[in-house]
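A quick write-up on the structure given underneath.
Numbering of ligands and ligand atoms starts at 1, following listing order.
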Amino acid sequence: MTRTILEVDRLALVYTGRGRDVNAIQDASLLVKEGEAIGVAGESGSGKSTLARAVMGLLPPTTSRIVGGRIVVEGVDATGFGPSDWQSLRGSSVAMVFQDPLSFLNPVVRVGRQIAEGIALQDPHADRKARTRELLELVKLRPSVIDAYPHELSGGMRQRVMLAIALGCRPRLLVADEPTTALDVTTQGEILALLDELRRTLGMALVLISHDLGVLRRLCDRIYVMYAGHTIETGRTAQVLGAPAHPYTRGLIAASRLTRGPDGRFSTIGGDVPSLQQRITACPFQPRCGSAMPVCAEMPPFLDTAEPDHLGRCWLLTPEPGGAPALPPDTRASEARNVGA
Ligand SMILES: Nc1ncnc2c1ncn2[C@@H]1O[C@H](COP(=O)(O)OP(=O)(O)OP(=O)(O)O)[C@@H](O)[C@H]1O
Ligand code: SF4
Ligand SMILES: [Mg+2]
């Protein structure tokens, strides 16, 4: 049986700084098995980066608090971990690459030394020189990069350096948060191809966060869609993008296609994202949903089965939505087929 590397179960998390609470994660779940490529999609502010940082133990300790749910990494419950526990986990099981390598790399330290420092943290007895060269080769950089400072490299090369540092601890899971957003299209393609190749050759699991559904379609086995701190849909990539079960996912796909409606306007999801200052006690998408029923404003839907291995958080998928009339399976299936049409 394939091993589970990461399990996030109904996580809820609050940022408490700046004089007001932000309930950035309210009900998010995520399951990553050994070697799997998982995509996380959702509009800006839906909590993708917060979720990624939570599973890496990288949230600000004084201004964030987990208020519900669990994070389990390789069978170990890490929900209550302090900074030093997370440090050792990051040095072994999990690693992360970010959108902006410059904010991560030390500008006054040569690249080779930064990679070597990462190696030493994981294994003080390692041959750092040899391993640094090996890592540079893995990310397809010339050995001469060892002597360069970050500002002497292009954006794509800096992203490869960050990847080399992340791979230094031989992670079984790599979390990549919008790793190519700041790069030109050609370099984006190269970095994504590299990520895909490394995942396959190193047998590593990947969680890839991206606004670009096309990228997730190409690289990921399964997808999670987030909205206002909730996981609202998950399933195999072909299921979620080919026959989405949730009205929000359908809107997201239509908007990503840049198609024009009969009025000549580009397809968008109307309305505003709900405030995160309070916990949402109804369907988070209800104010913007064209299919909303009375129950949607009264009770939060749970992640329910649309089809095997395909879940959606929508009362339309539940036979008796909080007492509302049942939708026969046929109707649900045809709903799904019409998606994004
Ligand atoms: N350190 C912080 N303190 C307070 N609020 C924060 C902090 N970081 C993020 N937030 C808020 O938490 C919510 C989720 O933010 P997050 O960055 O996780 O979203 P995201 O889905 O990654 O968005 P994007 O696609 O723009 O990167 C937003 O409302 C954001 O303003
Ligand atoms: S639960 Fe209701 S409001 Fe929410 S997405 Fe489904 S139909 Fe729309
Ligand atoms: Mg983000």
Next item on the list: Tell me, please: is Gly47 in heavy-atom contact with ligand 1, that is, under 4.0 Å?
Entry: yes
Ligand-side contact atoms (ligand 2) for residue partner [X], heavy atom cut-off under 4.0 Å:
| X | answer |
| --- | --- |
| Ala292 | 3 (S) |
| Pro247 | 5 (S) |
| Leu316 | 7 (S) |

Check: For ligand 1, is there an N or O atom under 3.5 Å from any N or O atom of Ala24?
Finding: no
Check: Is the closest N or O pair between Gly45 and ligand 1 shorter than 3.5 Å?
Finding: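 Such a contact does occur with ligand 1.
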Item checked: Met96 reachable from Leu59 in the ILVMFWY side-chain graph, under 4.5 Å edges -> yes
Check: Leu183 and Leu141: same hydrophobic cluster, using ILVMFWY side-chain contacts below 4.5 Å?
Finding: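 Looking at the clustering, Leu141 is in a separate group from Leu183.
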Next item on the list: Identify the heavy atoms of Trp315 and Pro300 that sit nearest to each other, and give their distance.
Entry: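 Residues Trp315 and Pro300, closest heavy atoms: CZ2-O, 3.5 Å.
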Check: [Y] main-chain N/O paired with [X] side-chain donor or acceptor under 3.5 Å:
| X | Y | answer |
| --- | --- | --- |
| Asp212 | Val215 | yes |
| Glu233 | Pro244 | no |
| Arg90 | Ala95 | no |
| Ser154 | Met157 | yes |
| Gln188 | Thr180 | yes |
| Asp221 | Ala37 | yes |

Starting from [atom], what is the nearest protein heavy atom, named by residue and atom, and what distance separates them?
| atom | result |
| --- | --- |
| atom 6 (Fe) of ligand 2 | Cys314 SG, 2.3 Å |
| atom 24 (P) of ligand 1 | Ser44 OG, 3.6 Å |
| atom 25 (O) of ligand 1 | Lys48 NZ, 2.7 Å |
| atom 1 (N) of ligand 1 | Tyr15 CE2, 3.7 Å |
| atom 8 (Fe) of ligand 2 | Cys289 SG, 2.3 Å |
| atom 2 (Fe) of ligand 2 | Cys296 SG, 2.3 Å |
| atom 1 (S) of ligand 2 | Trp315 N, 3.2 Å |
| atom 4 (Fe) of ligand 2 | Cys283 SG, 2.3 Å |
| atom 11 (C) of ligand 1 | Val22 CG1, 3.9 Å |
| atom 17 (O) of ligand 1 | Ser49 CB, 3.9 Å |

Check: Side chain, backbone, both or neither: which part of His246 has a heavy atom under 4.0 Å from ligand 2?
Finding: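 His246 to ligand 2: side-chain contact only, backbone stays beyond 4.0 Å.
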Ligand 1 versus [X]: contacting region, heavy-atom distance under 4.0 Å:
| X | value |
| --- | --- |
| Leu276 | side chain |
| Thr50 | both |
| His211 | side chain |

Next item on the list: Tell me whether Gln99 has at least one N, O or S atom under 2.8 Å from the Mg ion (ligand 3).
Entry: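 Not a single backbone or side-chain N, O or S atom of Gln99 is under 2.8 Å from the Mg ion (ligand 3).
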Check: Hey, are Arg110 and Glu152 close enough for a salt bridge, meaning a charged N less than 4.0 Å from a carboxylate O?
Finding: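 Looking at Arg110 and Glu152, the cut-off is not met.
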Next item on the list: Measure up the Phe285 and Tyr248 rings against each other and bin them: parallel (under 30°), tilted (30 to 60°), perpendicular (over 60°).
Entry: perpendicular
Next item on the list: Measure the acute angle between the ring planes of Tyr149 and His151, then classify it against the limits of 30° and 60° as parallel, tilted or perpendicular.
Entry: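 Geometry flag for His151 against Tyr149: parallel rings.
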Checklist line | Subset of ligand 1 atoms that lie under 4.0 Å from at least one heavy atom of Ser46 | finding: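 Those qualifying, in numeric order: 19 (O), 21 (O).
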Margin query: Is atom 14 (C) of ligand 1 near the protein, in the sense that some protein heavy atom lies at less than 4.0 Å from it?
Written below: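 Yes, at least one protein heavy atom sits under 4.0 Å from atom 14 (C) of ligand 1.
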Item checked: Non-hydrogen protein atom less than 4.0 angstrom from atom 31 (O) of ligand 1 ->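 Within 4.0 Å: no protein heavy atom nearby.
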Checklist line | Single hit among Leu51, Leu30, Asp27, Val67 for side chain to side chain contact (heavy atoms under 4.5 Å, CB included) with Leu11 | finding: Leu51
Margin query: Which residue is it: Arg222, Arg236, Arg172? I am looking for the one with a salt bridge (charged side-chain N to carboxylate O under 4.0 Å, His left out) to Glu36.
Written below: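 For Glu36, the salt bridge (charged side-chain N to carboxylate O under 4.0 Å, His left out) check succeeds only for Arg222.
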